[in-house]
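Structure first, then comments.
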There are 2 protein chains.
Amino acid sequence: MLKYEEIAKELEKNISQNELEQGSKLPVLETLMGQYQASKSTVIKAISLLEKKGLVYQVRGSGIFVRKQKRKGYIRFTNQGFSGELRDDKITAKVIELDIRKPTQEAAESLNIDLDEDVYYVKRVRYINGQTLCLEESYYNKSIVTYLNNEIATNSIFDYISEALGHKIGFSDMYLHVNSLTKVEAEYLGLQEGEPKLFVETIFHLNNAQPFDFSRVTYNYQQSQFFFQSTGYSM
Amino acid sequence: MLKYEEIAKELEKNISQNELEQGSKLPVLETLMGQYQASKSTVIKAISLLEKKGLVYQVRGSGIFVRKQKRKGYIRFTNQGFSGELRDDKITAKVIELDIRKPTQEAAESLNIDLDEDVYYVKRVRYINGQTLCLEESYYNKSIVTYLNNEIATNSIFDYISEALGHKIGFSDMYLHVNSLTKVEAEYLGLQEGEPKLFVETIFHLNNAQPFDFSRVTYNYQQSQFFFQSTGYSM
DNA sequence: CAGTGGTCTAGACCACATA
DNA sequence: ATGTGGTCTAGACCACTGG
């Protein structure tokens with residue numbers, strides 16, 4: 001673990017342990033430099049990381065202050081997308097389908113493969129604290145995600161890909177829509193046809209930019225309360 | 001303008017002018033250092049900025065590559081929220097109401113003011129390329145935003161706040177829901193009652209963390225196609 | 001104008017990707 | 001093994017805030 005990550009982690013721990021309120025001032029840079037035996041740049045880098053996460057805000061010439069989320073019960077939406085953060089809640093999944101097949105046109109384009117290449121297709125319903133959260137269909141490029149089974153799909157597929165298969169997950173592109181539930185979708189989510197839905201398509205890439213997963217997710221609007229922190233207004 | 005911002009701007013210009021494809025490799029760091037007469041750290045900082053914007057991705061030990069958006073016609077959703085980016089399209093606004101009043105309970109809490117303090121209330125419909133984009137209600141803390149009129153509200157209120165009033169806009173907290181349109185909302189947006197909507201509440205803060213604007217925005221789902229780029233998967 | 005955060009540099013050294 | 005990106009440092013200097 002890098003030094004600036006270490007420092008960021010420590011600071012984060014201090015903030016939550018001491019239950020610092022919004023607006024609380026952190027120690028000045030020089031103090032932090034001494035405390036963590038690090039150079040100014042390194043400390044600033046650590047703090048910028050926290051700023052990116054939405055935990056602090058910096059005011060030039062004044063100080064570094066704690067930032068807090070006002071409302072509770074919202075799913076945090078970060079630069080990693082939702083899924084990276086859902087680990088905090090009790091998320092479970094039920095696998096509905098899992099097989100090897102040929103991709104749809106859209107999946108093939110998104111994954112940058114031919115229509116006759118194999119993909120793992122996974123259809124799951126995910127639950128948050130016992131309620132249906134979303135219906136998910138995913139297409140994994142089989143030449144990258146070489147094996148999948150029911151047990152893996154019931155837990156975190158991404159953990160498996162990075163830990164067991166040793167792939168490094170990189171960036172992703174998300175496309176969001178709002179629309180009405182089809183009959184089939186409504187049944188899976190325990191809702192009524194025509195009720196609203198949040199529909200998110202995501203293309204996940206490896207570290208080296210190769211797409212390995214194309215997913216189409218329909219969210220239960222009753223559980224879909226998202227929180228998003230923006231940082232800085234420039235231009 | 002800072003040196004690393006300058007470099008980032010130049011690089012961005014080069015990417016778009018040369019129409020570089022996804023995966024194109026940028027010159028190596030040493031070249032860029034020479035080209036812009038800057039130190040390694042400064043160049044890296046510039047590139048990190050571009051990475052944050054979703055324009056490039058970096059692969060350690062390999063290079064820096066161009067990243068491109070696959071689908072067209074989506075509104076980009078960045079760390080600045082939507083509005084920061086909407087400038088590219090033809091956005092217009094029609095003011096429906098504009099007056100000084102007392103805040104609602106929710107607005108008072110969000111703005112951190114008392115129920116008997118004054119706010120500017122603005123209700124607008126915004127259009128994108130002639131179509132209704134959203135219905136927006138905003139509450140501005142009058143002790144900060146001391147004056148507003150119809151003309152300002154027809155254009156960009158935020159430009160006015162930062163340029164004419166000299167305030168520095170800082171971070172914001174956004175809360176997203178999906179739900180169904182009420183009859184009134186549907187009328188403003190030219191849709192039917194019960195159709196889906198994306199509903200976003202945002203608290204905007206100044207540089208010094210003081211909230212100055214609480215807004216409630218209902219989006220026309222037909223125009224609400226958002227694009228979001230995530231960077232990096234850690235933890 | 002004092003206090004504090006932020007930029008920028010040169011250079012040592014490290015970590016990863018690719019062949 | 002080599003090329004390439006990234007961390008880290010010490011210190012000079014700059015920019016903003018607030019009394």
Side-chain angles (χ1 to χ4, degrees), chain A residues 1-9 11 23-52 56-67 144 162 166-171 205-210 231-234, chain B residues 1-9 11 23-52 55-67 162 166-171 205-210 231-234:
Chain A
M1 190 171 222
L2 296 170
K3 196 162 182 178
Y4 73 86
E5 291 176 328
E6 202 75 65
I7 296 173
K9 205 175 93 184
L11 285 170
S24 308
K25 189 170 188 241
L26 294 188
V28 301
L29 278 185
E30 203 160 354
T31 311
L32 295 173
M33 287 162 67
Q35 194 170 332
Y36 297 109
Q37 287 300 304
S39 74
K40 197 171 180 175
S41 318
T42 305
V43 174
I44 287 186
K45 184 136 197 191
I47 289 172
S48 302
L49 227 180
L50 293 182
E51 189 184 37
K52 210 162 113 184
V56 302
Y57 60 93
Q58 301 167 263
V59 186
R60 224 237 264 252
S62 175
I64 298 156
F65 304 89
V66 172
R67 182 171 170 191
I144 299 173
S162 48
H167 286 302
K168 291 190 184 158
I169 296 171
F171 55 89
H205 304 76
L206 294 180
N207 200 12
N208 63 7
Q210 195 173 11
T231 61
Y233 180 83
S234 56
Chain B
M1 189 168 221
L2 296 170
K3 194 161 181 177
Y4 72 86
E5 291 176 326
E6 202 76 64
I7 296 173
K9 208 175 89 182
L11 286 170
S24 308
K25 188 167 191 245
L26 295 189
V28 301
L29 279 186
E30 203 159 354
T31 310
L32 295 173
M33 286 163 66
Q35 194 169 335
Y36 298 109
Q37 286 300 303
S39 75
K40 196 168 182 178
S41 317
T42 304
V43 174
I44 288 187
K45 184 138 197 187
I47 289 172
S48 303
L49 229 179
L50 293 182
E51 189 183 37
K52 213 163 112 183
L55 269 80
V56 302
Y57 60 92
Q58 301 166 266
V59 185
R60 216 220 262 247
S62 173
I64 298 157
F65 304 89
V66 173
R67 184 172 167 188
S162 48
H167 286 302
K168 291 189 184 157
I169 295 172
F171 54 89
H205 303 77
L206 294 180
N207 200 13
N208 63 9
Q210 195 173 9
T231 61
Y233 180 83
S234 57

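Here the structure is a predicted model, which means the values were calculated and not measured.
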(Q) Rounded to whole Å, how long is the line connecting atom CD of B:E30 with atom P of D:dT4? (A) 8 Å

Q. B:M33 CE to D:dG3 P: how many Å, rounded?
A. 16 Å

**Q.** Summary of protein contacts for nucleotides 6-19 of chain D, nucleotide by nucleotide, where a base hit scores B, a sugar-phosphate-only hit scores S (4.0 Å, heavy atoms)
**A.** BBBBB----BBB--

Throw together a table of side-chain donor-acceptor distances under 3.5 angstrom for residues 28-37 of chain B, partners on residues two or more places apart or in other chains.
{"residue": "B:Q37", "atom": "NE2", "partner": "B:G34", "partner atom": "O", "Å": "3.0"}

Contact check, side chains of [X] and [Y], non-hydrogen atoms, under 4.5 Å:
{"X": "A:V56", "Y": "A:I47", "answer": "yes"}
{"X": "A:K9", "Y": "A:M1", "answer": "yes"}
{"X": "A:H205", "Y": "A:Q210", "answer": "no"}

Q. For A:I144, does its backbone N or O pair with a side-chain atom of A:H167 as donor and acceptor, under 3.5 Å?
A. yes

Q. With B:K168, which residues qualify under side-chain contact (heavy atoms from CB on, under 4.5 Å), at least two apart?
A. B:N207

Q. Can you list the residues that meet the side-chain contact (heavy atoms from CB on, under 4.5 Å) rule with A:K45, with sequence neighbours excluded?
A. A:Y4

Q) Angle, rounded to 10°, between the helical axes spanning five pairs at each terminus of the helix from C:dC1-D:dG18 to C:dT18-D:dA1? A) 30°

Q | Counterpart residues, side chain to side chain donor-acceptor pair (under 3.5 Å), relative to B:S39 (two or more places apart) | A | B:T42

